[in-house]
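What's counted below: heavy atoms across the whole structure, side chains too, no hydrogens, waters or symmetry copies.
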Amino acid sequence: MEQRHLGRTGLRVSRIGLGTLTWGRDTDEHDAADQLKTFWEAGGTLIDTADVYGGGEAEYLLGQLVERLIPRRDLVIATKAGSVPDPYRRFDGSRGHLLAALDASLERLRTDHVDLWQIHAFDTGTPLEETLHALDIAVSSGRVRYAGVSNYSGWQLAKAATWQLAAPGVRTRLASTQMEYSLVQRGVEREVLPAALDLGVGLLPSSPLGRGVLTGKYRHGTPSDSRGASDHMAPFVEPYLDDPTRRIVDAVATAADGLATTPLEVALAWVRDRPGVVAPIVGARNAQQLTAALSVESLSLPDEICRALDDVSAPVHRYPDQDWSTL
C-alpha cells in the first residue's frame, strides 16, 4: 500500500487507515484479529483508536493483538483523549485529564508510546494553551511521537496550529486533524481543509463512506445486519438516509457501474485522493468487508468521474466561507 507523509512531518502512514470504533463492542477478538492481520498483509500501517471506543475495550483489544500477531514496529498506532462519559461535560481538555488518560491508554495498549496522539475535541472550558501544553509534555517525555487534534473547527484548528508554531519555547507541531469527510459530508472544505493545507496539517477523514451509506447498502432498505439496524448505531446512520444523500449515492452507483467496480471503491477513492487528505479511516465488521475496502488501492478515478461526483455532491459556499472577490 502506498505510504504518505502525515502533514508536514517525517512520519509516513499507509494511505488507508484501519478504524477500531466498534472493537470490543460489536467486533469481537476473533474478527478484530482477522482484520488486523488482513490490514497488515495488505501493507497497512495506520491503526486508529481512542480511549473511549468501547469504553476502553478497543485499546485493550488492540494491545492484546499487537506483538502476538503483528510486530509493534510495523504499526503506526494513533489514539485520542479528551472525550469523557459525563452528561454535564462531554470534553475535558485539561492537562491533568489528558496526561492521565494517556497513561491509561498506554497501559491498555501495552506499549511505551503511541505514534500519534490526538485531542478528541475542542474543550471550551479549558484554555487552549493548557490543552496544547499537554501535547508538548507527552512528546517531550517520549510517550508520544507525533500529535494532532480531532473535531476542531476551522478557527480552532488555525489557532491551535499557529500557537504551536509561534509560541516561545519548544512546541510540538500539529501533524494531523481527524474530521468526518466524504461525498455526503463535505463541510470541512469550507474552512477546516483550507486551514490544514495552509498550516501543513494532514487530514485523516473519518466515516469516509458516509457512515456506510455510500456503499449503496441502504438504497432499497435497511439490511438486518447493518449499522442502520442496530439500536445504538441507527441514530448515527439516520441523518444520511435523506433525499439529497440518495441522489449522491445513485451517482456513485452509476460511476461504479461504468468503471466495473463497487460504490464502496468509488466513494473511498474519491476521498482518498482529495487535496490535503492523508489517509481515510475505514471501519469494518469483519475481514471480508475490510478486504473489499482495501481493494481500492488499485483504483484511481478518471478526471471526468471526479468532476461529476464533485458536482452532484458540491456543498454550498457563500460569504464568508468563499473568497469574497469571486462572489
Colleague: Is there a continuous path of hydrophobic side-chain contacts, each under 4.5 Å between heavy atoms, that joins L294 to W270?
Modeller: yes

Colleague: Considering only heavy atoms from C-beta outward, does the side chain of T45 approach that of L75 to under 4.5 Å?
Modeller: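 With C-beta onward as the side chain, the pair stays apart.
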
Colleague: Between R285 (side chain only) and D26 (backbone N and O only), is there a donor and an acceptor less than 3.5 Å apart?
Modeller: no

Colleague: Checking S206 side chain against E180 main chain: does a donor-acceptor pair fall under 3.5 Å?
Modeller: yes

Colleague: I need the E57 CD to T27 OG1 distance, nearest 0.5 Å.
Modeller: 12.5 Å

Colleague: Is there a side-chain contact between E59 and T79 (heavy atoms, below 4.5 Å)?
Modeller: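 In contact.
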
Colleague: Please determine whether the number of non-hydrogen atoms from other residues, nucleotides or ligands lying under 6.0 Å from atom CZ of F122 exceeds 12.
Modeller: yes

Colleague: State, without any angle test, whether H113 and R143 hold a side-chain donor-acceptor pair at a distance under 3.5 Å.
Modeller: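 Not at all, the side chains of H113 and R143 share no donor-acceptor pair under 3.5 Å.
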
Colleague: Kindly determine whether L11 and H5 satisfy side chain to side chain contact (heavy atoms under 4.5 Å, CB included), including the steps that lead there.
Modeller: CA-CA 6 Å; L11 178 63; H5 283 279; over 6 Å; no

Colleague: Could you verify whether a donor N or O on one side chain and an acceptor N or O on the other, from S94 and E130, lie under 3.5 Å apart?
Modeller: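 Side-chain D/A pair, S94 to E130: absent.
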
Colleague: Please check if the side chain of R186 supplies one atom and the backbone of D310 the other of a donor-acceptor pair under 3.5 Å.
Modeller: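 The answer is yes, because a donor-acceptor pair under 3.5 Å joins these two groups.
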
Colleague: Of all the heavy-atom pairs spanning G276 and L193, show the shortest one and how long it is.
Modeller: CA-CD1, 4.3 Å

Colleague: For the pair V84 and R90, evaluate side chain to side chain contact (heavy atoms under 4.5 Å, CB included) and give the outcome as yes or no after the intermediate values.
Modeller: CA-CA 5 Å; V84 291; R90 292 185 59 199; 5.6 Å; no

Colleague: Using side-chain heavy atoms (C-beta onward) and a distance below 4.5 Å, is Y152 in contact with L128?
Modeller: yes

Colleague: I'd like to know whether CZ of R219 has more than 12 heavy-atom contacts from other residues, nucleotides or ligands below 6.0 angstrom.
Modeller: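 Yes, CZ of R219 has more than 12 neighbouring heavy atoms, counting only those of other groups under 6.0 Å.
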
Colleague: For residues L135 and V144: do they belong to one hydrophobic cluster (side chain heavy atoms under 4.5 Å, members Ile, Leu, Val, Met, Phe, Trp, Tyr)?
Modeller: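 Both belong to a single hydrophobic cluster.
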
Colleague: Is there side-chain contact between V237 and V213, with heavy atoms separated by less than 4.5 Å?
Modeller: yes

Colleague: Looking at N286, is its backbone amide N or carbonyl O close enough to the side chain of D31 to form a donor-acceptor pair, meaning the two atoms are under 3.5 Å apart?
Modeller: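 Side chain of D31 to backbone of N286, a donor-acceptor pair under 3.5 Å: no, none is there.
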
Colleague: In Å and rounded to the nearest 0.5 Å, what is the OG1 to CZ distance from T126 to R95?
Modeller: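 The OG1 atom of T126 sits 10.0 Å away from the CZ atom of R95.
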
Colleague: Report the C-alpha distance between D34 and K37 in whole Å, list the side-chain angles of each, state the deciding distance to 0.1 Å, and finish with yes or no for salt bridge (charged side-chain N to carboxylate O under 4.0 Å, His left out).
Modeller: CA-CA 5 Å; D34 284 348; K37 189 173 182 181; over 6 Å; no

Colleague: Measuring only between side-chain heavy atoms, which start at C-beta, is V149 closer than 4.5 Å to Q156?
Modeller: no

Colleague: If you round to the nearest 0.5 Å, how far is CG of L204 from OG1 of T177?
Modeller: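 The distance works out to 8.0 Å.
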
Colleague: For S182 and P208, which heavy atoms make the closest approach, and how far apart are they?
Modeller: CB-O, 3.3 Å

Colleague: Should R211 and P239 count as side-chain neighbours, where that means a heavy-atom distance under 4.5 Å?
Modeller: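 Counting from C-beta outward, R211 and P239 do come under 4.5 Å.
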
Colleague: If you measure from OG on S207 to CD on Q178, what distance do you get to the nearest 0.5 Å?
Modeller: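 So the gap between those two atoms works out to 9.5 Å.
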
Colleague: Transitively linked via ILVMFWY side-chain contacts under 4.5 Å: Y60 with I70?
Modeller: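 No, Y60 and I70 fall in different hydrophobic clusters.
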
Colleague: Of the non-hydrogen atoms in C306 and L301, which two are nearest, and what is the gap between them?
Modeller: SG-CB, 3.6 Å

Colleague: Between the side chains of R72 and T111, is a donor N or O closer than 3.5 angstrom to an acceptor N or O?
Modeller: yes

Colleague: What are the two closest heavy atoms between A134 and L98, and how far apart are they?
Modeller: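 The answer is CB-CD1, 3.9 Å.
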
Colleague: Check for me, please, whether V312 and L259 land in the same ILVMFWY cluster - side-chain distances under 4.5 Å, paths through other members count.
Modeller: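 No: no chain of side-chain contacts under 4.5 Å links V312 to L259.
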
Colleague: Hey, mind stepping through I77 and L109 against side chain to side chain contact (heavy atoms under 4.5 Å, CB included) and telling me if it holds?
Modeller: CA-CA 9 Å; I77 296 178; L109 289 166; 4.2 Å; yes

Colleague: How about CD on E107, more than 12 heavy atoms from neighbouring residues, nucleotides or ligands closer than 6.0 Å, or not?
Modeller: no

Colleague: Report the distance from atom OH of Y146 to atom OG1 of T9, rounding to the nearest 0.5 Å.
Modeller: 5.0 Å

Colleague: What is the minimum heavy-atom distance between T162 and A158, and which atoms define it?
Modeller: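 Looking at all heavy atoms of both residues, the closest pair is OG1-O, 2.7 Å.
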
Colleague: Report yes or no: does T131 contribute a side-chain atom to a donor-acceptor pair with the main-chain N or O of G93 at less than 3.5 Å?
Modeller: yes

Colleague: Once rounded to the nearest 0.5 Å, what's the spacing between atom CD of Q289 and atom CG of L209?
Modeller: 10.0 Å

Colleague: Tell me which one of I119, V52, N151 satisfies side-chain contact (heavy atoms from CB on, under 4.5 Å) with S83.
Modeller: V52

Colleague: Quick one: does Q185's side chain have a donor or acceptor within less than 3.5 Å of a partner on G187's backbone?
Modeller: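 Present.
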
Colleague: Evaluate the criterion side chain to side chain contact (heavy atoms under 4.5 Å, CB included) for residue pair I47 and L36; output intermediate values, then yes/no.
Modeller: CA-CA 9 Å; I47 312 293; L36 185 60; 3.7 Å; yes

Colleague: Apply the test side-chain hydrogen bond (donor to acceptor under 3.5 Å, both in side chains) to residues Q164 and R171: give CA-CA distance (whole Å), side-chain angles for both, the deciding distance (0.1 Å), then the verdict.
Modeller: CA-CA 5 Å; Q164 292 302 93; R171 311 308 297 255; 3.2 Å; yes

Colleague: If we ignore hydrogens and angles and just use 3.5 Å, is the side chain of E297 paired with the main-chain N or O of E2 as donor and acceptor?
Modeller: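 Answer holds: yes.
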
Colleague: Could you give me the CA-CA distance, side-chain angles and deciding distance for R246 and D243, then say whether salt bridge (charged side-chain N to carboxylate O under 4.0 Å, His left out) is met?
Modeller: CA-CA 5 Å; R246 289 189 184 94; D243 287 337; 2.8 Å; yes

Colleague: Does one hydrophobic cluster hold both L6 and L157, with members joined at side-chain heavy-atom distances below 4.5 Å?
Modeller: no

Colleague: With a 3.5 Å cut-off and no angle check, do the side chains of T245 and D242 form a donor-acceptor pair?
Modeller: yes

Colleague: Is there a donor-acceptor pair closer than 3.5 Å between any side-chain N or O of K80 and the backbone N or O of S150?
Modeller: no

Colleague: Does any part of the side chain of R110, heavy atoms only, come nearer than 4.5 Å to the side chain of Q64, both counted from C-beta?
Modeller: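 They are in contact (side-chain heavy atoms under 4.5 Å apart), so the answer is yes.
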
Colleague: Is S14 reaching over with its side chain to a backbone N or O of L46, donor-acceptor style, under 3.5 angstrom?
Modeller: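 Checked: pair present.
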
Colleague: Is the shortest heavy-atom distance from the side chain of L199 to the side chain of L174 under 4.5 Å?
Modeller: no

Colleague: Closest heavy-atom contact between A279 and V13?
Modeller: CB-CG2, 4.5 Å

Colleague: Within the distance-only criterion (no hydrogens, no angle test), does the side chain of E265 pair as donor or acceptor with the backbone N or O of T261 below 3.5 angstrom?
Modeller: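 No.
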
Colleague: Between K159 and E191, does a salt bridge (charged side-chain N to carboxylate O under 4.0 Å, His left out) hold up when you go through it step by step?
Modeller: CA-CA 12 Å; K159 183 177 181 181; E191 292 196 352; over 6 Å; no

